[in-house]
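Below, all heavy atoms of this structure are taken into account, side chains as well, without hydrogens, waters or symmetry copies.
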Amino acid sequence: MTDVSGLPLIGAAALRARAAARVLRTLPTETKDAALTAMADALVRRTDEILAANAEDVAAAAAAGTPASVLDRLRLDAGRVAGVADALRQLVALPDPVGDVVRGSRLANGLQLRQVRVPLGVVGIVYEARPNVTVDAAGLCLKSGNAALLRGSASAFGTNTALVTVLTEAAEKAGLPAGSVELLPADRASVGELLNARGLVDVVIPRGGASLIERVVRESTVPVIETGVGNCHVYVDASADAAMAEAIVLNSKTHRVSVCNSAETLLVHRDVPFLPRLLSALVEASVTLHGDEPAQAAHGSVVPATDEDWATEYLSMDMAVRVVDDLPQALEHIATWGSGHSEAIVADSAGAIADFTAGVDAAAVLVNASTRFTDGGEFGFGAEIGISTQKLHARGPLGLPELTSTTYVVTGSGHTR
């Protein structure tokens, strides 16, 4: 057994999660689905209890001067609690990935080879602000046969405590082992312990802003699935249809600015004749534009851009604009400043589309479609725990299959080598 003497805050919780994970990996789908349904019902039934805890968190955060946008992410109401409960019920309807055969064959010597999906084990999740993540993460981990170690933000600790209490009581009554979902203390030291719990925790997933993700990636001795920031681009080719380009750019930027799949930079081919109208549409939608000299010349309200603008994930009604000479220059810009999340092209040229999709390096490449479609639900995968921008294990929306690994099952009939 791994020594936990160096983990005074999370050691006991990690041991309980480790023991629970050994049971969870063996449970049939029916048991897990029954537990998820019971958890959803309990959330609705105990809404008042959850909202009382949330009201205290929101009041404390407001007194501390927390911005209104953060308060909104923290705040729950009856409708939001019902929404997270519905998210658990949606997980019940999704296929269980555990036991799926990824590939298989009979070898020349008669051995039967199967590569089978299995749970990761103990999944640590470090996240900020939104208490709905507590429910989403717990549900995704349990459906995929994993135990969850949850470390939310201090501002939501009371709410998260109430949520986890409701979830665990319902789950255990439905047959899941104690320790299946554990909430860790919301102080800085607990994050450090979690990141160094190698041997107890199988993988850590950060979900939050750039500074949180950077800390987890830099300090963790536990393998990390990195969900990344979204410095996403839309490239408008010279062959693009004007109306289509305007609709896609506006949706990518303004549909919901505070999420990682909103577009932050607009790249436009120098031969696009409708650039002034495109920029006017963004300005009319209350977007502040930060552009290079050609962009400034195309619209008087564009303010000068700096390298900081090309690198920034605004998460606000701001957008950087650059006019490029050609598609290779657009690809070079994305390679220099992009975060590997989602990149879009608007074009009618098959050649331009082929060159863009082959040349851009991102988790998702969108052709004549908004960057806002990079989402597990929109892809038809159901719920997700985030968008992975790394290249190992999983890339793109992290749904149920991405919370599994694989085991090779080799079946013989007395074979020896």
Side-chain angles (χ1 to χ4, degrees), residues 17 20-21 23-47 50 76 79-100 117-125 127 130-150 152 159-160 162-177 179-183 202-203 205 207 225 227 259 374-388 394 396-405:
V23 178
L24 287 168
R25 67 183 292 119
T26 68
L27 293 181
T29 303
E30 294 76 14
T31 300
K32 294 184 288 185
D33 285 348
L36 291 170
T37 300
M39 291 158 63
D41 293 344
L43 287 172
V44 174
R45 187 171 60 252
R46 298 172 67 176
T47 294
I50 295 164
L76 293 177
R80 289 184 174 182
V81 174
V84 295
D86 285 342
L88 290 179
R89 295 189 181 99
Q90 290 167 15
L91 284 174
V92 173
L94 293 175
D96 185 348
V98 178
D100 282 353
R117 289 197 180 278
V118 296
L120 291 169
V122 178
V123 178
I125 303 170
Y127 56 101
R130 293 182 175 93
N132 65 289
V133 177
T134 300
V135 180
D136 291 343
L140 282 160
C141 286
L142 294 179
K143 176 79 178 198
S144 54
N146 298 293
L149 281 177
L150 306 177
T159 308
N160 288 338
L163 288 169
V164 170
T165 297
V166 172
L167 294 174
T168 54
E169 289 179 4
E172 289 173 28
K173 287 180 181 177
L176 299 195
S180 296
V181 179
E182 292 280 347
L183 182 67
D202 293 287
V203 66
I205 303 173
R207 178 167 170 170
I225 301 178
T227 61
V259 292
T374 304
D375 174 86
E378 294 293 333
F379 281 9
F381 302 160
E384 65 172 44
I385 212 159
I387 306 292
S388 170
L398 293 172
L400 293 171
E402 287 71 35
L403 290 175
T404 64
S405 183

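Leu140 places a side-chain heavy atom less than 4.5 Å from the side chain of Leu400. Between Leu183 and Thr165, every side-chain heavy-atom pair lies at or beyond the 4.5 Å cut-off. Counting only heavy atoms from C-beta outward, the side chains of Thr404 and Pro119 never approach each other to under 4.5 Å.
Residues meeting the side-chain contact (heavy atoms from CB on, under 4.5 Å) test with Val181, sequence neighbours left out: Ala138, Leu142, Leu150, Val164, Thr168. The side chain to side chain donor-acceptor pair (under 3.5 Å) test applied to Thr227 returns no partner, not counting sequence neighbours. Residues satisfying the side chain to side chain donor-acceptor pair (under 3.5 Å) test with Ser388, not counting sequence neighbours, are none. Considering only residues two or more places apart in sequence or on other chains, Asp202 meets the salt bridge (charged side-chain N to carboxylate O under 4.0 Å, His left out) condition with Arg18. A search for salt bridge (charged side-chain N to carboxylate O under 4.0 Å, His left out) contacts involving Asp375 returns nothing, not counting sequence neighbours. Among residues two or more places apart in sequence or in another chain, the side chain to side chain donor-acceptor pair (under 3.5 Å) test is passed with Glu402 by none. Residues satisfying the side chain to side chain donor-acceptor pair (under 3.5 Å) criterion with Glu169, sequence neighbours excluded, are Arg46.
How far CG of Leu403 is from CD1 of Ile125: 7.5 Å, rounded to the nearest 0.5 Å. Atom CG of Leu24 and atom SG of Cys141 lie 10.0 Å apart (nearest 0.5 Å). Note that the OH atom of Tyr127 and the OG1 atom of Thr134 stand 2.5 Å from one another [nearest 0.5 Å].
Closest approach of Thr47 to Leu43, counting heavy atoms only: OG1-O, 3.1 Å. Residue Ala38 comes nearest to Ala170 through the heavy atom pair O-CB, 3.7 Å, listed as atom of the first residue, atom of the second, then distance. In terms of heavy-atom proximity, Ala174 sits nearest to Ala35 at CB-CA, 3.6 Å.
A donor-acceptor contact shorter than 3.5 Å is absent between the side chain of Asn146 and the backbone of Val122. The closest donor-acceptor contact from the side chain of Arg207 to the backbone of Ile385 lies under 3.5 Å.
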Which atom pairs, one a donor and one an acceptor, fall under 3.5 Å between side chains of residues 86-100 and the rest of the protein, sequence neighbours left out?
from: Asp86; atom 1: OD1; to: Arg89; atom 2: NH1; distance (Å): 3.0
from: Arg89; atom 1: NH2; to: Asp41; atom 2: OD1; distance (Å): 3.0
from: Asp96; atom 1: OD1; to: Lys32; atom 2: NZ; distance (Å): 3.4
from: Asp96; atom 1: OD1; to: Val98; atom 2: N; distance (Å): 3.0
from: Asp96; atom 1: OD2; to: Thr29; atom 2: OG1; distance (Å): 2.7
from: Asp96; atom 1: OD2; to: Lys32; atom 2: NZ; distance (Å): 2.8

*What do the steps show when you test Leu176 against Thr31 for side-chain contact (heavy atoms from CB on, under 4.5 Å), and what is the final call?*
CA-CA 8 Å; Leu176 299 195; Thr31 300; 4.3 Å; yes
*With side-chain contact (heavy atoms from CB on, under 4.5 Å) as the test, would you mind laying out the steps for Asn132 and Arg80 before giving the verdict?*
CA-CA 8 Å; Asn132 65 289; Arg80 289 184 174 182; over 6 Å; no
*Asn160 vs Val133, side-chain contact (heavy atoms from CB on, under 4.5 Å): CA-CA, chis, key distance, verdict*: CA-CA 9 Å; Asn160 288 338; Val133 177; over 6 Å; no
